[in-house]
Amino acid sequence: MDYTYSIALLFVDFNMTLYLPQKPSLEEFIQTFTPLAIIEQLEDEMQERVNSITSALLGFSSHGTPVENLAHFLKADRDFLGVILALTNLSQEKFLRILSAERFGRQDFGNEWGIHQVHRKLAQQENFAERIATMLLEGSDNPILAEHVAHFYLAQLNLQDDWEILLRSPQIVERVVRRKLEGEYNDKKGEAVENIIKEKLDDIEAKYGVTHEKGQVQLVSKEVDHVIPSRNEPYVMIMTSYMETTSSMQTTRANEQSSMYQSIISDNIRYGTKRVLVNFVDGAGWLARRSDLRKLHAGCDDVINLKTLDRLEAIICKYVPEKYFTIKPRPQVEG
């Protein structure tokens, strides 16, 4: 009986058929979008970050002049500069521009400092922390800034005199911390989506033996997020983009990937191969830019998102040659 059951399993296994529905229309694809995805592991990680920073803020105390207090605060934790910028509603990027203008006022014409350089200087140079504290507290009253920075920006730079009192309220602190972490959250969310796709590809590799890589692919002259089975033999190329906010870079990305698609089509015609480009697109940012979304939808062989990731197995089984299936035979794909 066991032997008969094993034969039956083998029969089902070797005659398994996958079904791949045709590429959805743009309207159908939009209906499967996840505008603001909930990824529990990421949400838990960010809540831990919020709790940690909030606890550190509520535990901070200092005594001295306003400049000394703020300088001490900025040196106490690398997250605290972001908290102060959140209190002023000033973006990190704009703060770095203002700092560059202040350096020009000091006849320092070197390259702009990145945020990591600023963090190092705050931690290691006492005078630098006081310099930043003075900028933040004086704002438009700072003679160097008043001469080199537009007043529109300086109005934002003025830090409220009661900033320490504000940071004694747990409710205010948590709101400020979340505002400070928005950029980090967006970056980590993109990484989390990439990991979800990678895990799906890992499962397919474990099942069939079909490998995947990430890196520069000569055929399209670009780094591809996921290449199956390899960069040297790119039969399925997946470009991924999850965005919850909008950016002019979306148009650039859509145009670049349309160009990639044309290169793949030309290669298929020239060599009689069938390599395909799959665009992973999701998030409210793409829904807000329908013209760019339309380009991404049109400029690929297939299109997927978080809710339609299950299409990947059938796509890989349809387009990757049988010789790369080293664990389990390639199933028939219909549709």
Enquirer: Could I get the full list of side-chain contact (heavy atoms from CB on, under 4.5 Å) partners for A284, not counting sequence neighbours?
Expert: P35, L36
Enquirer: Return the minimal non-hydrogen interatomic distance between L96 and I115, and the atom names on each side.
Expert: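 Of all heavy-atom pairs spanning L96 and I115, the closest is CD1-N, 4.1 Å.
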Enquirer: Could you list the cluster mates of Y19? Members are the ILVMFWY residues connected by side-chain heavy atoms closer than 4.5 Å, either directly or through other members.
Expert: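 Grouped by the 4.5 Å side-chain rule, Y19 forms a cluster of one, so the answer is none.
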Enquirer: Please check if the number of heavy atoms outside D44 that lie under 6.0 Å from its CG is greater than 12.
Expert: yes
Enquirer: Apply ring pair (Phe, Tyr, Trp, His ring centres under 6.0 Å) to the pair F73 and W163, showing each step before the final yes or no.
Expert: CA-CA 11 Å; F73 180 82; W163 66 271; 5.0 Å; yes
Enquirer: By the ring-ring contact (aromatic ring centres under 6.0 Å, His included) test, which pairs, at least two apart or in different chains, include something from residues 292-334?
Expert: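 Output for this query lists Y208-F325.
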Enquirer: My understanding is that only residues two or more places apart in sequence, or in another chain, count here; which of them pass salt bridge (charged side-chain N to carboxylate O under 4.0 Å, His left out) with D161?
Expert: none
Enquirer: Find the distance between CG (N69) and CD (E164) and round it off to the nearest 0.5 Å.
Expert: 4.5 Å
Enquirer: Roughly how far apart are I196 CD1 and L42 CG, rounded to 0.5 Å?
Expert: 9.0 Å
Enquirer: If the condition is ring-ring contact (aromatic ring centres under 6.0 Å, His included), which residues does Y235 pass it with, not counting sequence neighbours?
Expert: none
Enquirer: So with a 6.0 Å cut-off around CD of E112, is the heavy-atom count from everything else above 12?
Expert: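 Correct, the count exceeds 12.
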Enquirer: With a 6.0 Å cut-off (strictly less than), is the heavy-atom count around NZ of K198, excluding the residue itself, greater than 12?
Expert: no
Enquirer: State whether a side-chain donor-acceptor pair under 3.5 Å links T251 with R289.
Expert: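 On atom types as modelled, these side chains qualify, holding a pair under 3.5 Å.
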Enquirer: Would you name the heavy atoms of N279 and L296 that are closest together and state the gap between them?
Expert: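 Of all heavy-atom pairs spanning N279 and L296, the closest is ND2-O, 2.9 Å.
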Enquirer: How many angstroms lie between atom CD1 of I304 and atom CD1 of I238, to the nearest 0.5 angstrom?
Expert: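 Going from CD1 on I304 over to CD1 on I238, the span is 5.5 Å.
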Enquirer: Could you tell me whether the side chains of N127 and Q125 share a donor-acceptor contact shorter than 3.5 Å?
Expert: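 There is no such pair between these side chains.
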Enquirer: Report, as yes or no, whether the 6.0 Å neighbourhood of atom CD on Q216 holds more than 12 heavy atoms from other residues, nucleotides or ligands.
Expert: yes
Enquirer: Using a 6.0 Å cut-off, check whether atom CZ of F109 has over 12 heavy atoms from anything other than its own residue.
Expert: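 Counting neighbours around CZ of F109, more than 12 heavy atoms of other residues, nucleotides or ligands fall under 6.0 Å, so yes.
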Enquirer: Please report the C-alpha distance between S259 and K222 in whole Å, then the side-chain angles of each, then the deciding distance to 0.1 Å, and finally whether the side chain to side chain contact (heavy atoms under 4.5 Å, CB included) criterion is met.
Expert: CA-CA 10 Å; S259 178; K222 189 171 176 63; over 6 Å; no
Enquirer: Rounded to the nearest 0.5 Å, what separation is found between the CG atom of D282 and the CZ atom of F29?
Expert: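 Between D282 CG and F29 CZ, I get 6.5 Å after rounding to 0.5 Å.
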Enquirer: Do you see a donor-acceptor pair shorter than 3.5 Å between the side chains of R253 and Q257?
Expert: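 Present: a donor and an acceptor within the cut-off.
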Enquirer: Is a side-chain donor-acceptor pair under 3.5 Å present for E43 with Y185?
Expert: yes
Enquirer: Could you report the tightest heavy-atom contact between A206 and I327, atom names first, then the distance?
Expert: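 Nearest pair, atom of A206 first, then I327: O-CD1, 3.5 Å.
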Enquirer: Would you give the length of the straight line joining atom CG of L154 to atom CD1 of I98, rounded to the nearest 0.5 angstrom?
Expert: 6.0 Å
Enquirer: Using a 4.5 Å cut-off between side-chain heavy atoms of Ile, Leu, Val, Met, Phe, Trp and Tyr, which other residues end up in the same hydrophobic cluster as V217?
Expert: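 Joined to V217, directly or through intermediates: L219, V220, V224, V227, M237, M239, M260, Y261, I264, I265, I269, L277.
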Enquirer: For residues H226 and E213, is any side-chain donor paired with an opposing acceptor at under 3.5 Å?
Expert: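 Not at all, the side chains of H226 and E213 share no donor-acceptor pair under 3.5 Å.
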Enquirer: Does R103 make a cation-pi contact with W113, if we ask for NZ or CZ under 6.0 Å from the ring centre and within 45° of the axis?
Expert: yes
Enquirer: Applying the salt bridge (Lys or Arg N to Asp or Glu O under 4.0 Å) test to D301, which of K274, R275, R311 qualifies?
Expert: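 The single option meeting the salt bridge (Lys or Arg N to Asp or Glu O under 4.0 Å) with D301 is K274.
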Enquirer: Please name the pair of heavy atoms, one in L136 and one in I84, separated by the smallest distance, quoted to 0.1 Å.
Expert: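 That would be CD1-CG2, 3.7 Å.
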Enquirer: In terms of side-chain heavy atoms, does N51 have a donor or acceptor partner in Q47 at a distance below 3.5 Å?
Expert: yes
Enquirer: About how many Å separate OG of S266 and OH of Y271, when rounded to the nearest 0.5 Å?
Expert: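 Here the rounded value is 11.0 Å.
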